[in-house]
Structures are given as structure tokens and as C-alpha cells.
Amino acid sequence: MHYWLIKTEPSTFSFIDLKNAKNRTTCWEGVRNYQARNFLRSMNIGDRAFFYHSVAQPTAIIGIVEVVKMAYPDHTQFDPSSKYYDQKSNPDAPRWFMPDFRYLAEFSLPVTLEELKKIPGLEKMELLRKGSRLSVQPVTSAEWEIILNFRQVSD
DNA sequence: GCCAACGTTGGC
DNA sequence: GCCAACGTTGGC
């Protein structure tokens, strides 16, 4: 099993939206960065990810999701009315892929970016690297454990 | 292949 | 709203 962190702007899709979704499950459309795409494609069923709110007050990890469906072509790339439309993508060789994620747990309180910066052992975490903007990023098992030990989660 | 111009992300 | 740090595009 591998661990990840996925970012979303809550004004676009929030953790509450996920909890309100059918089966508490959502596809992860709209990623249009190759490095992030490659991470999405390497996810396996059962992998877990921190659900992070960016451009939010506060910016924070809110909860945990699990991969319930491996990456498949993101339909929005072929939809001219979608803001994620990609004119250059070919249905015979799709560019963009998305897995499905399902709600797993929620932190008793969000783990804020400010807090994360102060937690020993997270100094090398991708999220905290200066200039980092990857919206899908790997998390080491050590980093995962440190954050879970920092704050309680509940179903 | 280089790199300037441009667009985007995302913290503050 | 600002702007640093990236990623992408496209002329050459």
C-alpha cells in the first residue's frame, strides 16, 4: 500500500462534498499536470490519501480517503463544455486519467499547514517544500504515521 | 533543443 | 490582490 496527498480547493470540491456524495465516493477529474497524472495512474486499490484543502481558511488536511477504483480516462477532457476540456487529447489515446476515492475518516480537527510546518519529521514533506504546487503527491509511510499520531481521526 | 512569454497554482 | 515558483507553449 502506498500513501498520497491530494489537494482540492473547497470552493470546487470540498470534504463535505465528498461526504455528501453517493457512496461517499467521487471521481477525481480535472488534474491536468503530467507529474500529478502519473501519480494518479500509479495508485492501487486500497492506497490511502490525505485530503487537503488549498486556497482555504485554513489550508489543512481534513481527512483520509482510499482508492476504490484505479485510474481510468477522465471524461471531462473530451467535453467541450467542461473547463477541463483538452482539445489536444485523443479518445484513442487519452491524456488524462482519474481514480475514484472514497471517504475513510476525518480528523477531529483539521491538521493545518501551519501545524504541519512545526511537526518534527515532516521537514522533507513535498507539501512543505518551497515552491511545491503538485496537486497529487506521494507521502512516505513515516510521514503518514507522524501525522496520524499527531491528531485523532474518526469515522 | 533553447528559452522568452505566458498561464497557473496557491500561500500570504 | 500580490507575486514567487513553476509548467507549458511556440518561435526560432
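Residue numbering restarts at 1 for every chain, and letters A, B, ... go by the order of the sequence lines. It should be emphasised that the depicted structure is a prediction, and the values quoted were computed from it without experimental measurement.
Side-chain atoms of A/Gln137 come within 3.5 Å of backbone atoms of A/Leu127 as a donor-acceptor pair (strictly under, hydrogens ignored).
For A/Glu126, the salt bridge (charged side-chain N to carboxylate O under 4.0 Å, His left out) partners at least two apart in sequence or on another chain are A/Arg129.
Under the 4.5 Å side-chain criterion, counting only non-hydrogen atoms from C-beta, A/Ile64 is in contact with A/Phe50.
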Any chance you could encode DNA chain C as dot-bracket? Rule is Watson-Crick or G-U wobble with both distances under 3.5 Å; [ ] for pairs crossing earlier ones, | for another strand. ||||||||||||
Identify each donor-acceptor pair in which a side-chain atom of residues 12-24 of chain A lies under 3.5 Å from a protein atom, sequence neighbours left out, and give them as a table.
{"unit_1": "A/Ser14", "atom_1": "OG", "unit_2": "A/Ile16", "atom_2": "N", "d": "3.3"}
{"unit_1": "A/Ser14", "atom_1": "OG", "unit_2": "A/Asp17", "atom_2": "N", "d": "3.1"}
{"unit_1": "A/Ser14", "atom_1": "OG", "unit_2": "A/Asp17", "atom_2": "OD2", "d": "3.2"}
{"unit_1": "A/Asp17", "atom_1": "OD2", "unit_2": "A/Ser14", "atom_2": "N", "d": "2.9"}
{"unit_1": "A/Lys19", "atom_1": "NZ", "unit_2": "A/Glu106", "atom_2": "OE1", "d": "2.7"}
{"unit_1": "A/Asn20", "atom_1": "ND2", "unit_2": "A/Ile16", "atom_2": "O", "d": "3.4"}

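Contacts classified as side chain to side chain donor-acceptor pair (under 3.5 Å) and involving residues 60-75 of chain A (residues at least two apart or in different chains) are given here: A/Arg32-A/Asp74, A/Glu66-A/Arg102, A/Tyr72-A/Asp100, A/Asp74-A/Thr76. Residue pairs meeting the side chain to side chain donor-acceptor pair (under 3.5 Å) criterion with at least one member in residues 144-155 of chain A, sequence neighbours excluded: A/Glu115-A/Arg151. Screening residues 39-62 of chain A for side chain to side chain donor-acceptor pair (under 3.5 Å), with sequence neighbours left out, gives A/Trp4-A/Asp47.
The interatomic distance linking A/Arg95 (CZ) with C/dG7 (C1') rounds to 13 Å, in whole Å. At whole-Å resolution of the value, OH in A/Tyr84 and C1' in B/dT8 are 13 Å apart. Rounded to whole Å, atom P of C/dT9 lies 12 Å from atom CD of A/Gln87.
In the hydrophobic clustering (ILVMFWY side chains linked at under 4.5 Å, chained through shared members), A/Ile45 is joined by A/Met70. If you chain together ILVMFWY residues whose side-chain heavy atoms come under 4.5 Å of each other, A/Phe97 ends up in a group of its own. Think of A/Tyr84 as one node in a network of Ile, Leu, Val, Met, Phe, Trp and Tyr side chains linked at under 4.5 Å; it has no links at all. Residue A/Tyr34 belongs to a hydrophobic cluster whose other members are A/Trp96, with links defined by side-chain heavy atoms closer than 4.5 Å.
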N/O contacts under 3.5 Å, protein versus nucleotides 2-4 of chain B?
none

Can you check nucleotides 10-12 of chain B for protein contacts, nitrogen or oxygen pairs under 3.5 Å, and list what you find?
{"unit_1": "B/dG10", "atom_1": "OP1", "unit_2": "A/Lys7", "atom_2": "NZ", "d": "2.9"}
{"unit_1": "B/dG10", "atom_1": "OP1", "unit_2": "A/Arg133", "atom_2": "O", "d": "2.6"}
{"unit_1": "B/dG11", "atom_1": "OP1", "unit_2": "A/Tyr52", "atom_2": "OH", "d": "2.9"}
{"unit_1": "B/dG11", "atom_1": "OP2", "unit_2": "A/Val55", "atom_2": "N", "d": "3.2"}
{"unit_1": "B/dC12", "atom_1": "OP1", "unit_2": "A/Lys117", "atom_2": "NZ", "d": "2.5"}

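Note on A/Arg129: only backbone sugar-phosphate atoms sit closer than 4.0 angstrom, heavy atoms only; bases stay farther off.
Looking at which nucleotide of DNA chain C each of A/Lys130 and A/Tyr34 is closest to, the 5′-most match is held by A/Lys130.
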